[in-house]
Every structure is written in C-alpha cells, then in structure tokens.
Amino acid sequence: MLSVLGQPRRACDGLTRREILRAGALSLFGATLLPAAAPAAHSSGKARSVILLDLFGGPSHIDTFDLKPAAPPEVRGEFKPIASSLTGLQVCEHMPKLARWMHRVSLIRTVSHVYNSHNPYAVMTGFTGGNDREDYFARPSNHPSMGSVCQYFGVGRQRGLPGYVVLPAFPGYSQGLRRAGPYGGYLGNQYDPLFSTCEVQLPRAQTSDYDPTLVPVGDPTLPAPSPGITADALDRRRTLLEQIDAQAALASSSRGARLMTTRQRQAFELLLSPAARRAFDLSKEPPGVRDRYGRDVFGQSVLLARRLVEAGVTFVTVHTEAKGAGHWDTHENNFGMLRQYLLPFLDRALTALLEELDGRGLLSTTLVMVTGDMGRTPRVNAKAGRDHWPKCGFCLFAGGGTREGFVLGSTDKQAAYPTDRPVSPGDLISTVYHLLGVDHDRTVPDQLGRPIAISQGGQPVHEVLA
C-alpha cells in the first residue's frame, strides 16, 4: 500500500494529492492503453479484431454440434438434431438461428487436450500442461494470453482505447478468485487486459448451481476509479493529468512508485477518453437491439464486444461466468440448463453478433471464435448431468479470413474421441495469431529471459483458413 507523507494539501481543483495517488487503484483493472511494445513481429493479417466467446465451464459438444442420435439413450441424451444451412450438418434443435448460419462458419469438432480444469488457461494461452495445484490462481509466471501477446507486439494500436478487454469481469470474479488465463503473465502486468466490472443481479436467492431460471442480469461497464472519485468528476477536471505530473515529484522516487504513476496516468487517460466512454455506453443502443442480444449479462456483454471492435479495440474476450445459471459446467441438470438458458443465449446472442458484424461490413475483418474449457462426458450421469471431458470439444470460427461452410474433424460413435484431425488449444491460438498477421512461431521472453513459443507448439489449422 502506498503511504503519502506530509500534509494533505489541495490541488487547484479541490483534489488532494492523496486522492490523486489513491486513484492508482485503477491499475488493478489492467487499465493500460498503449504499453511499450516489442519490435514489430506482425504483418497485415486478414483479421483486424478478435472476439473470443469463452463458454466457461465446458459446453457439451454432444448436445450442440456433434449429436449422436443413433447412440444409446444414456449417451445421446434428450435433444434431437435439426438440419442446418450447411448440407449434411445437423445441430441441436435448440439452436435454430445458428442452424441457419452454419453455411457461413467453420466448425472444428475435434478439439482435444488433457487440461481438466475450469481455468481458461488453455483457451486463452494454448498451454495445456497446467494443473490446478499450480495454475488455479493467476501468477506472474503464467504464460501470457493471446490478447496480451498481441499488445506486446503492438497489434492494432488505437489511441484512446484499450487494446485488450475482458467482459463482463475477470475470470473467477463470481467466486472471489482470479483464475489463470487472461493476463500478461511473465510479459508483465502492463499487458493485462482491461477488465470491465458488472453488478450481476439474480431474480431471487440462489439455492442451486444448476437452476436455469436463475438468469444473471447486469451491464458490463468501465471500471470505476477509487472511492470518491467518479468518472464524471474526472471529466470535469481536465487538468488532472498535469496535476499528477506536478505532484509526482512529491512521491517516492522508487521504481515501484514510478511504475504506479505511469499506470495511473494510463488509467486516467482511459477514463477521460471520449472514445472509450462512448464505446462502453450501452445506453446508446436502441432497446430493440439490446433485446435482440438478450438482456442477460452475457447477451449484453456480446453486444458490448461488438461496440468495442467497431470502435477499434483489437481483442475482446467474453467470459461467460456469473452467479446463478451463468456457467456451462453442467454436472447436474445438463438438459434443463441447456434447454432453458444456455443454448437460447448462445443461439440468440451469437447470431445477433454475426448478423450485425456482417451488416456493418465488419465480419470480414473481425474473427469470431467460440469455444470452452472442454467438452462433456458422452455418458449422462445419475443426476442428469455430464461431467468433464477435455478429450473432445468444439470450436467455431466465423469471419476474419476463415472459410465459410466447413466442418473439420470426426468423432467416434459416442463423441468420446476424435477419429481424425485432433486439434489442440495451441493450434487454435496459432490460427488466431496467423489471421492477425502475427508469426505463430515467434517467441517471447519469460521471467528468466528464456524464449517461449507464443503458440505453445501449436500450428495454424490451415483447413479453416480462407
């Protein structure tokens, strides 16, 4: 904690230097705009922005995009397949809108790895060698996320906007912990994302983790500054940054204090940025558009992701985690959770996103990626749930230089294992780097200066590239 010595003198606008320095708490949100970048290691890729829809908890592949209607009842489950717009491909009956979009997307049905954890570590970094004993919580020694690597290499810099945003809050926020995955790791916290904040409300008190009627509601917003200093107050104090410069000499000259002052400045720049404030303002959207995405926290997060990439943000992750029914970890009541909330959300919000990006001329340069921690067990358990199954899952790509109307990979009769073309999380993030124009074979230095491959040994999935 920073201690400010001396009497708390007032600045010309009524703020004490104690209040100014206290606002450095914003750095906890990773509110950096333009951190120093490494030498350019990218060219012009087909994608200018990425929206990653991370289905936290592990979506059931066998109940969404790889149904097995001929399997025994305890495997095939309760849902029936319906035809899609892509000849020969069937999807779940509870995704009728997405069914009409399948001729425009690439579907990978054979994502396979061994990292059996709900941390989005593998999804966001490509690293699958972690374990919960060491990697349950975020640490400075973690591998950096895709968004952090993009910031490190200076991809898509846009003044006045963060380069990398995570919505609706940091992974683990609903449980009071910070999960590994989205951070800068050994690259440094200057490459952390901006985490929005969200006051999630449930319709009533939660008594079960598997009640699909407990729909989480709330709007993701810009992180608030420290208590007593509102964004509106900062907007009225246009000379605040100059005051910080003047007051910085009064603080300690230690390296830590200098870093804090730099990050304070970047945080204030974000809060004072009209572009950032505009992009985060969901009230600018017509009510009908907000309804189209869904008024739950995830629908509004997907809508905000569209606003952010439209404004110029390079990398946006929507991490679908909240209290109530806000997760895909369906150990119990799998079919009720999917039927009543999770699949309608995905069907509604993802379709709205794709249609709006397409209609605004942004889909060709925006890569949309939908995946999760893992798949679910082929066999339904005694509580009508499906358990963890990292050996098989799915990933959906749309736009940003990917093929349209393509399916990669097949699984066995129970959707338990790939029968051809297994794809690793490293392969997925390597594909993202390739489409952004980042050389997937590049390395970055860890804490000891050792070169670490950004793709964790993965290779681009060339079959899905246009």
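Only a predicted model underlies this, so the values are computations on that prediction, with no experimental measurement involved.
- For the 3.5 Å distance criterion, the side chains of Arg290 and Gln300 qualify, holding a donor opposite an acceptor.
- Judged purely by atom type and a 3.5 angstrom limit, Thr320 uses its side chain to pair as donor or acceptor with the backbone of Asp54.
- Listed for the Asn119 side chain is a donor-acceptor partner under 3.5 Å among the backbone atoms of Tyr136.
- In this structure, Phe56 has its ring center no closer than 6.0 Å to that of His327.
- Partner of Trp101 under the side-chain contact (heavy atoms from CB on, under 4.5 Å) criterion, chosen from Leu396, Asp358, Leu350: Asp358.
- Between the side chain of Tyr183 and the backbone N or O of Gly188, no donor-acceptor pair lies under 3.5 Å.
- One N or O on the side chain of Glu321 and one on the backbone of Ser174 form a donor-acceptor pair closer than 3.5 Å.
- Using modelled atom types and a 3.5 Å distance limit, the side chains of Tyr164 and Ser145 yield a donor-acceptor pair.
- Aromatic pair Phe394/His61: ring centres not closer than 6.0 Å.
- The main-chain N or O of Leu98 is found under 3.5 Å from a side-chain atom of Asp347 such that the two form a donor-acceptor pair.
- In this structure a side-chain-to-backbone donor-acceptor pair under 3.5 Å is present from Ser196 to Pro168.
- When atom types are taken as modelled, the side chain of Thr431 and the backbone of Val461 share a donor-acceptor pair closer than 3.5 angstrom.
- Residues satisfying the salt bridge (charged side-chain N to carboxylate O under 4.0 Å, His left out) test with Arg360, not counting sequence neighbours, are Glu310, Glu356.
- Looking only at atom types and distance, the side chain of Arg442 has no donor-acceptor partner in the side chain of Ser455 under 3.5 Å away.
- Side chain of Ser112 to main chain of Lys391: a donor-acceptor pair is present (N/O by atom type, distance under 3.5 Å, no hydrogens or angles).
- With Thr443 contributing its side chain and Ile452 its backbone, the two residues share no donor-acceptor pair below 3.5 Å.
- Between Phe153 and Tyr433, the ring center distance fails the sub-6.0 Å criterion.
- Between the side chain of Asn334 and the main chain of Ala384, no donor-acceptor pair closer than 3.5 Å is present.
- Listed by chain and number, the residues in a salt bridge (charged side-chain N to carboxylate O under 4.0 Å, His left out) with Asp63 are Arg386 (sequence neighbours excluded).
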